[in-house]
Amino acid sequence: MKILGIETSCDDTCVAIYDFKNKFIISSISHHHDNININYGGIVPEMSSREHMIYIDEILIKLFKKSNLSIYDIDAIAYTAGPGMVGSLLVGATIATSLSYLTNIPLIAINHIEAHLYSPFIENDIKIYYPFLGLLISGGNTQLIQVFEFGKYKILGKTLDDSIGNTFDKISKLLNLNYPWGSNITILAKKGRSGKFLFPRPMIHSSCLNFSFSGLKTYVTKIINKYKYNKQKLSDIAKEFENSIFDSLIFKCKKAFYKTGYNRLVVSGGVSANKTLRKKLYKMKNNYSILFPKLEFCTDNAVMIAYLGGLRFQERKKNVFNIFIKPKWNLNQL
Ligand code: KG4
């Protein structure tokens with residue numbers, strides 16, 4: 001069963017063909033909008049949707065050439081219908097729907113958050129087990145999810161303000177680091193000394209499972225401004241920033257384990273690529289089972305869209321042929 005995946009929810013134009021039965025990636029191509037993001041200091045929705053429009057046909061043609069397949073070898077087309085930026089979503093939705101309409105190949109509308117949630121199971125050769133706790137940490141979302149079974153979710157906690165990825169990007173820019181902002185903090189933090197600063201651990205005294213990062217962001221900004229010409233101090237700040245943000249994340253995960261009685265954590269999203277976080281979570285491996293995606297599946301990609309498309313296709317939950325997008329689409333609205 002071959003699934004074509006199309007992802008255009010944010011700032012990456014991605015297409016992939018995934019062989020769901022034999023569990024392997026036939027071909028995958030991503031066009032990242034890095035140059036535009038660097039020029040503008042972040043994502044500009046209108047610029048991203050235009051970039052999707054320019055590149056989507058080209059990379060689809062390349063994908064089929066590379067995989068030596070024709071569209072008629074495809075069993076289903078899965079595309080990201082939401083959540084995401086409306087102009088960007090429309091590009092993927094329009095091309096997927098048009099292809100499906102022309103060829104009569106079934107169309108599957110995919111929820112981007114749900115696709116991230118299952119990304120650690122792609123190629124990890126691990127059977128999906130239920131129930132588990134999902135920790136989605138990306139540029140657009142920060143959520144703790146109780147996963148009862150396929151398609152049945154409860155949001156236990158989410159960020160009340162900024163996403164964790166966004167917080168990394170802002171602090172990284174203030175530290176004068178280059179793109180990719182998130183991972184460059186870890187490199188700077190390597191030169192940092194422990195115990196030189198003590199930042200607050202956000203929300204650890206509240207009984208809920210929500211997160212908040214804007215207070216920490218303001219606090220760290222003030223400290224950076226104070227020491228902006230001292231290289232060693234900036235490394236120390238990067239180290240303590242990672243410690244603070246990840247300690248609060250892990251604190252909430254432990255609380256969620258306790259509340260649900262679960263002992264399995266499945267981490268996903270761009271920030272799940274972070275090495276410091278992985279090291280910290282691996283320390284809990286004696287008591288809990290922890291699963292991460294392969295590095296190439298942490299940030300947005302079309303393989304995860306095709307993979308979830310395969311899971312949905314098995315269930316025969318197909319969409320009708322109309323252009324469907326939902327820029328705000330929670331997991332409990334599936
Ligand atoms: O999952 P993703 O591609 O975007 C959404 O679907 O929203 O994640 C992108 C985010 C960016 O904010 C980026 O800085 C962050 O993930 N990121 C990282 C790392 N790699 C990517 N943050 C911290 N450490 C990393 N190694």
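Residue indices begin at 1 and follow the sequence shown. For ligands, and for the atoms within them, numbers begin at 1 and follow the listed sequence. Values below: every heavy atom of this structure, side chains too, minus hydrogens, waters and symmetry copies.
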Residue among F168, F251, F213, F241 satisfying ring pair (Phe, Tyr, Trp, His ring centres under 6.0 Å) with F246: F168
For C298, atoms of ligand 1 separated by under 4.0 Å from a heavy atom: 1 (O)
Contact partition for C10 relative to ligand 1, non-hydrogen atoms under 4.0 Å: neither
Contact with ligand 1 for S9, non-hydrogen, under 4.0 angstrom: no
Nearest protein heavy atom with distance in Å, relative to atom 4 (O) of ligand 1: G139 N, 3.5 Å
Check against side chain to side chain contact (heavy atoms under 4.5 Å, CB included), S70 and D73: CA-CA 6 Å; S70 110; D73 296 314; 3.9 Å; yes
Parallel, tilted or perpendicular: ring planes of H31 versus H33, cut at 30 and 60 degrees: tilted
Atom 7 (O) of ligand 1 - nearest protein heavy atom and its distance: G140 N, 2.7 Å
H112 near ligand 1 by a heavy-atom separation under 4.0 Å: yes
V271 contact mode with ligand 1 (heavy-atom cut-off under 4.0 Å): both
Heteroatom distance test (D169, ligand 1): nitrogen or oxygen, under 3.5 angstrom: yes
Atom 24 (N) of ligand 1 - nearest protein heavy atom and its distance: N274 ND2, 2.9 Å
Best match, G270, G42, P293: closest heavy atom to atom 21 (C) of ligand 1: G270
Per-atom contacts, ligand 1 versus H116 - under 4.0 Å to a heavy atom: 1 (O), 6 (O)
Aromatic centroids of Y307 and Y118 separated by under 6.0 Å: no
Heavy-atom pair of closest approach, residues E296 and N301: O-ND2, 4.0 Å
Proximal ligand 1 atoms for F168, defined as those under 4.0 Å from one of its heavy atoms: 23 (C)
Protein residue, atom and distance nearest to atom 2 (P) of ligand 1, heavy-atom basis: D300 OD1, 3.6 Å
Per-atom contacts of ligand 1 with T299, taking only distances under 4.0 Å to non-hydrogen atoms: 1 (O), 3 (O)
Under 3.5 Å side-chain donor-acceptor pair for D300 and H32: no
Output field: ring centroids Y130/Y262 closer than 6.0 Å: no
Test item, W181 contacting ligand 1 (heavy atom, 4.0 angstrom): no
Near-ring test Y219/F199, centroid separation under 6.0 angstrom: yes
Spatial distance of atom CH2 (W329) from atom OG (S9) [nearest 0.5 Å]: 12.0 Å
Atom indices of ligand 1 within 4.0 angstrom of G165 heavy atoms, with elements: 12 (O)
Aromatic centroids of F132 and Y288 separated by under 6.0 Å: no
